[in-house]
Amino acid sequence: METAFDFCVLLLLLEYSEKLEKMDINDANLDALANHLRQTLAPDVAIRKPAEHFLMSVETNTNYAILLLNLIARENVDLTVRVAGAITFKNFVKRNWKIEEDERDKIDLKDRNAVKQLIVNLMVKSPEVIQRQLSDAISVIGREDFPEKWPNLLGELVEKFGTGDLSVINGILQTAHSLFKRYRYEFKSDKLWKEIKFVLDNFAEPLTQLLIALMGLTKQYANDNNAQKVVYNSVLLVMKIFSSLNCQDLPEYFEDNMQVWMQTFENLLETNVPALQSATDEEAGVMEQIKSQICENIGMYAQKYDEEFYKYLPVFVKSVWNLLVSTSLQSKYDSLVSNAIKFLAIVADKDKNKEIFAESNTLSQICQNVIIPSMEFRESDEELFEDNPEEYIRRDIEGSDLDTRRRAACDLIRSLSRHFEQQMTTVFGQYVQVMLTKYAENPAQNWKNKDVAIYLVTSLAAKGQTQKQGITKTNQLVNVTDFYQSHVLCDLASDNISELPVLKADAIKYVMIFRNQLPPAVVKQTFPYLIKLVKSENPVVHTYAACAIEKILLVKQADNFAMVRSEDLATVAQDLLSNLFGALALPASKENDHVMKAIMRSLSTLQTAIVPFAGQLISQLTNILVLVARNPSKPHFNHYLFESLSLVVRYVCKQNPQAVSDFEVALFPIFQQILQQDVAEFIPYVFQIFALTLDFNPNGISEAYMSLFPFLLAPVLWDKQGNIHPLVRLLRSYISKGSQLIVQTGKLGAILGVFQKLIASKVNDHEGFLLIQSVVEHMSPEAIHPSITDVFRLLFQRLQSSKTVKFSKNLITFFCFYVIKFGAPAFIQVIASIQENMFAMVLDRIMIPDLQKISDPKDKKICAVGVTKILCEAPDTFSGAYRNYWGTLLQSLIGLFELPEESADVEDEHFAEIDESAGYQAAYSHLAFSGKDESDILKGQIPDVKLYLAASLHSLSIANPGEVGTVIATIARPAQDYLTKYLQVANIQLV
Ligand SMILES: *[C@@H]1O[C@H](CO)[C@@H](O)[C@H](O)[C@H]1NC(C)=O
Ligand SMILES: *[C@@H]1O[C@H](CO)[C@@H](O)[C@H](O)[C@H]1NC(C)=O
C-alpha cells in the first residue's frame with residue numbers, strides 16, 4: 001500500500017542515522033568515556049549538560065553498556081569516576097532495559113546477555129558505593145528478566161553465600177533485597193506468585209541457614225566490634241528480606257520453620273550491643289534498625305497470619321512492651337518506637353486480643369507510659385520546626401512515609417478507642433485538662449503542654465481521616481466546635497503573628513483537618529485570620545496557612561458547589577494575593593508548593609474577579625517562571641505555576657479577548673527561551689499555554705504562531721511521550737483557528753504525517769484520532785478530498801496489523817464523526833472506493849459487534865447520531881447492497897442506548913488535583929486549567945438521541961411505505977420493545 005507523506009520518511013531516516021558509531025573496548029574509548037563521566041560531575045552547567053547530553057545520545061549504541069561496566073571494574077580509575085559510571089549505568093538500565101509497548105528494543109540482545117553475565121561478579125567485588133548502584137541496576141533488570149530470562153541469577157547469588165566473605169555476602173543480600181522488595185507492594189497475580197514461589201524454593205532454606213550462621217558469628221566475634229557491625233548489617237538485610245518474602249502470603253516453608261525465626265526475633269529484640277550504639281542522638285544504629293524491622297515483621301504476622309502467630313503473641317507483646325518502657329526520647333529511636341507502637345496497635349485492633357488490654361490498669365499504663373511520652377513535643381521537634389521546616393511539614397501534614405512516634409501513638413489511640421472509646425476519652429480528657437491548665441498558668445513557658453493537648457484532642461476526635469477530605473468521622477464524645485471556640489480560635493486570632501508559632505501552626509492545622517466538621521460559618525470566619533497568617537515569617541506557619549486556604553477553597557456544600565464563592569473571596573482578594581506572593585518572596589519559601597497551589601486555587605475561585613489584578617499577576621508569575629526555568633527542581637511548584645498562568649489567561653481573555661495580545665507579548669519571549677534551551681520539563685506546559693492563547697486570539701493564526709509551526713513538527717519533540725498530548729492539543733488549535741491558512745501554505749501534509757505516526761502506535765492512537773477529527777471538523781471537503789482515501793487506508797491497515805478494543809472504539813467514533821460532517825452516502829462511498837464490499841465488512845466486523853463497547857458519554861452521542869444517519873440517510877443501507885445488515889445494526893444501536901450509563905458527573909475542574917502518585921510525565925503535566933479542547937460537531941442540535949432515531953425512522957418510512965415496520969418486526973425481542981417505547985414517547989407512527 002502506498003501512502004506518501006514526506007514527513008514520515010524523514011522521521012524514519014532520523015531514527016536510524018544515529019546508530020553508526022562503534023564502541024569497542026579499548027583504552028582510547030575507556031579514556032574518552034571516563035572523561036565524559038568526569039565532566040558530568042562538573043559544577044558548571046556549561047560543562048555538565050553537554051556531557052550528560054552526549055552520554056545519553058550514545059547510550060543505545062552497541063557495546064556501550066559493556067564499555068561502561070569495564071570502566072567501572074577498573075581499579076586504577078578514580079573512584080568518583082567509577083561511581084559516576086555506576087550511577088550512569090543504573091540510569092541507563094532504568095531508561096532502556098524495559099521494552100515499552102510499540103517501541104523498538106534499544107539494547108542489543110548480545111549486550112543484554114553480556115550485562116547479565118558480568119554484573120553479579122562485578123557487583124560483589126566492587127566497593128560498597130558502587131555495589132549499591134549495581135545492585136539497584138540488577139533489580140531493575142531482574143524486574144524485567146527474572147526469573148524466565150535470567151534463570152541462573154538466584155543460583156549465582158546463593159552460591160556466593162558459601163564464600164564466607166562477609167562483604168560479598170552483604171552485597172548479595174543487598175541485591176536480593178532490592179530484587180524482592182517489590183513483593184511488598186505489588187498486586188497479587190499468578191505471575192508474581194509463581195516468581196515468589198520460585199524464589200522461596202531456591203532461597204528460603206539458604207537464607208535460614210545463613211541467618212543461623214550469622215547468629216553464630218555474632219557470638220564468635222563478640223569481642224571484635226568491626227566484625228560484629230558487618231555481621232549485624234547482614235542480619236538487618238536478612239530481616240528485610242524476610243519481610244518481602246512473607247508479605248503476600250504465609251509461605252509453607254516459613255510456616256514450617258516459624259519456631260527458628262521467631263526465636264531469633266525474640267533473642268534479637270532482647271540483645272543489646274553497647275559498642276554498636278550510634279554516637280549521635282539522631283542516627284539509628286544497626287541494632288535499632290534490626291529491632292525496628294523485627295517489630296514490622298511481627299506486626300505483619302500479627303496482622304495477616306494471626307492464627308499461626310497466635311501462640312507467639314504473649315511473648316512478643318511482653319518484649320515489645322519492655323522495649324518501649326526502656327527506650328528513651330532521642331530521635332534515633334523514633335522508627336523503632338513507632339514500629340513497636342504500631343505492633344501494639346495492630347494487636348489491639350483485633351477483637352480477639354481485646355482482653356490483653358481490657359484491664360483498666362493496663363489501659364492507663366499504656367496511656368501514661370507509651371502514648372503520652374510519644375506525644376510530647378520534643379527538643380528535636382522544635383529544632384526541626386525552626387531549622388528544617390520543609391521536613392517538619394512533610395512529617396506533620398503531608399503524610400510522609402517516615403514513621404513518627406506521634407503518628408504511631410495516634411494509631412494506637414484509634415485502635416484502642418475502637419474497643420474502649422469511653423475509657424480512652426475519660427483518661428485522656430482528664431489529661432487534656434491538666435495540660436491546658438498548665439499552659440494557662442504561663443503560656444509563654446508552657447506552650448508545649450497546649451501543643452500536646454491539641455494533638456491529643458485531634459487524635460481522639462478523629463476516627464477516620466483521608467488526605468482528600470481531612471477528617472471524615474469523629475468521636476461523638478469530643479465536641480470539635482466547642483474545643484475550637486474555647487482553645488483554638490484564640491491562637492488563630494491573636495494579634496501578634498510571630499508569637500508562639502508552634503501553637504499557631506497547631507491552630508491552623510486544626511481548622512484544616514476539621515474543615516468538613518466545623519460549621520461552614522465558622523470555617524468561613526477563619527479566612528481573614530488565615531490570610532493574615534500567610535504573612536508570618538515562619539515557614540511552617542505561612543505554609544500551613546496557605547495549605548488551609550487551599551483546602552478550604554475545595555470544601556463543597558451539600559449542593560456540590562464550592563462553599564467559598566468568587567464573590568466571597570473578591571472582597572479579600574487584594575490581601576490574599578499579595579500575602580501569598582509575599583510568602584514566595586521569602587528565601588525559605590521561594591519554591592513553596594503549598595503557597596503556589598493556594599495561588600492557583602484562589603485564582604480558580606476568583607474567576608473573572610481576577611481581572612483588576614491581571615497586570616500585577618502576570619508580571620509576578622512570569623518573573624517566577626524566568627527564575628525557575630533556569631533550573632526546574634520542584635515539579636509540583638512548577639505545575640501549579642503553569643496552572644496559575646492558564647487561569648489568568650483564561651479569565652482575563654474571557655472578559656476581554658483583545659487582552660490576549662498582552663499575554664503574547666509577556667509570555668512569548670520566555671517561552672521561546674524555554675524552547676531554545678530545551679527545558680524539557682516545561683515544554684509540554686508551554687505548548688498547552690500556546691494552545692490556550694491561540695484559542696483566544698480573535699485574529700486567528702498570527703505571524704508568530706506561523707513561524708512556530710515548522711518547529712512543532714520536529715521529530716525529537718514527538719519522541720517524548722510527555723509532549724504528545726500537548727502538541728496534538730496545539731495542532732488542533734491551529735486547525736480550528738486557521739484551517740484555510742494551513743491548506744494554503746501546504747501544511748496539511750505534515751499534519752497528516754503526524755497522524756500517520758500516531759495512529760501506528762497502540763499507546764498514542766487516540767491522539768491520532770483527535771487530530772484527524774479536528775481535520776474533518778474544520779476543513780472543507782475540497783481540502784480533505786485528495787488525502788481522505790489514504791487516511792482511511794491507514795486506519796484499516798492498523799486495524800489489520802493490531803486491533804485493540806481501544807482502537808476499534810475510536811475508529812467507530814471517528815467513522816460516525818465523519819458521517820455527521822459529510823453525510824452517510826459520502827462515508828460509504830469513501831470506504832467502497834478502497835475495496836469492493838469493504839463497507840459490508842466494516843458493518844459486520846466492526847460496527848455491529850463493537851458499537852456497544854463505546855462508553856464515553858460524548859462518544860456515545862456521536863455514535864448514536866452517526867449510526868442513525870447510516871441507517872436512515874443512506875439509500876444503500878435500507879434497501880440496497882447492505883440491507884441484510886440493517887436490522888442487526890439497528891439492534892446494536894438500541895443496545896448502545898440501553899447500556900448502563902457510565903457515570904457522567906465529571907468533576908468541575910475547580911476541584912482538579914494533580915495525581916500525586918503519577919509517575920510519568922505524560923499524565924502528570926496535563927494542565928487542568930488550560931481549557932477543554934472538545935470538538936463541537938453536533939453543535940448542540942440533537943438534545944435527545946432516541947427522539948432523533950424515532951424521527952429519522954419516520955422519515956425513512958415515508959420514503960419506503962410499509963417496509964420499515966416489517967423489518968423492525970424481525971429484530972429480537974427486548975430491542976424491539978425498546979424501540980416501540982421510543983416511538984411512543986416521540987409520539988410517532990411509522991408509515
Ligand atoms: C458543641 O459545641 C457547640 C459550641 O459550644 C454547641 O453549639 C453545640 O451544640 C455542641 N454540639 C454538641 C453535639 O454537643
Ligand atoms: C510579638 O511576639 C514576638 C515573639 O514573642 C515578640 O518578640 C514581639 O515583641 C511581639 N510583638 C508585639 C507587638 O507584641
Side-chain angles (χ1 to χ4, degrees), residues 377 379 381-387 389 392 417 421-422 424-426 428-430 432-433 435-451 453-465 470-545 552 555 557-558 563 575 579 582-583 586 588-589:
F377 194 82
E379 205 102 322
D381 297 311
E382 204 176 347
E383 279 165 20
L384 205 62
F385 186 90
E386 295 293 334
D387 304 335
Y392 183 91
S417 298
E421 183 161 345
Q422 179 82 56
M424 294 290 287
T425 312
T426 316
F428 285 118
Q430 289 162 356
V432 167
Q433 283 317 317
M435 291 287 162
L436 288 172
T437 313
K438 257 200 183 145
Y439 165 76
E441 282 163 11
N442 184 350
Q445 193 112 68
N446 298 342
W447 58 266
K448 285 184 189 170
N449 294 102
K450 182 164 180 183
D451 170 82
I454 295 180
Y455 207 91
L456 271 173
V457 170
T458 312
S459 321
L460 275 180
K463 288 168 83 176
Q465 183 166 17
I471 302 294
T472 51
K473 203 167 164 223
T474 51
N475 176 340
Q476 293 307 311
L477 305 168
V478 180
N479 185 330
V480 172
T481 311
D482 193 40
F483 190 80
Y484 169 80
Q485 305 284 14
S486 341
H487 301 287
V488 177
L489 178 60
C490 49
D491 288 322
L492 212 54
S494 99
D495 287 331
N496 187 341
I497 59 168
S498 318
E499 198 178 39
L500 300 177
V502 174
L503 293 186
K504 295 269 195 309
D506 288 342
I508 301 169
K509 186 175 152 197
Y510 188 94
V511 174
M512 183 158 70
I513 63 178
F514 290 114
R515 63 189 182 275
N516 283 309
Q517 276 69 45
L518 293 167
V522 170
V523 178
K524 281 189 184 181
Q525 278 158 15
T526 64
F527 241 80
Y529 305 132
L530 294 173
I531 292 175
K532 198 170 79 180
L533 287 165
V534 174
K535 280 174 89 164
S536 164
E537 303 243 320
N538 183 292
V540 178
V541 175
H542 66 238
T543 302
Y544 280 25
I552 290 170
V555 172
Q557 289 176 333
M563 179 181 79
D575 283 347
N579 292 1
L586 297 170
S589 282

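Computed from heavy atoms alone, side chains included, the values below leave out hydrogens, waters and symmetry copies. Keep in mind that what you see is a predicted model, and the values were worked out from it rather than measured. Just follow the structure's listing: the first ligand is 1, and inside any ligand the first atom is 1.
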Step-by-step side-chain contact (heavy atoms from CB on, under 4.5 Å) determination, F514 to Y484: CA-CA 10 Å; F514 290 114; Y484 169 80; over 6 Å; no
Geometric class of the Y392/F385 ring pair [parallel <30°, tilted 30-60°, perpendicular >60°]: perpendicular
Per-atom contact, atom 11 (N) of ligand 1, protein heavy atoms, under 4.0 angstrom: yes
Protein contact of atom 4 (C) of ligand 1 - nearest heavy atom, named by residue and atom, plus distance: D482 OD1, 4.0 Å
Atom OH of Y529: over 12 foreign heavy atoms under 6.0 Å: no
Within-cutoff protein neighbour (heavy atom, under 4.0 Å) for atom 7 (O) of ligand 1: no
Salt bridge present between D491 and K450 (N-O < 4.0 angstrom): yes
Any donor-acceptor pair under 3.5 Å from N479 side chain to D482 backbone: yes
Atom 9 (O) of ligand 2 [closest protein heavy-atom partner, distance rounded to 0.1 Å]: N496 ND2, 4.8 Å
Minimum-distance protein heavy atom relative to atom 2 (O) of ligand 1: N479 ND2, 2.4 Å
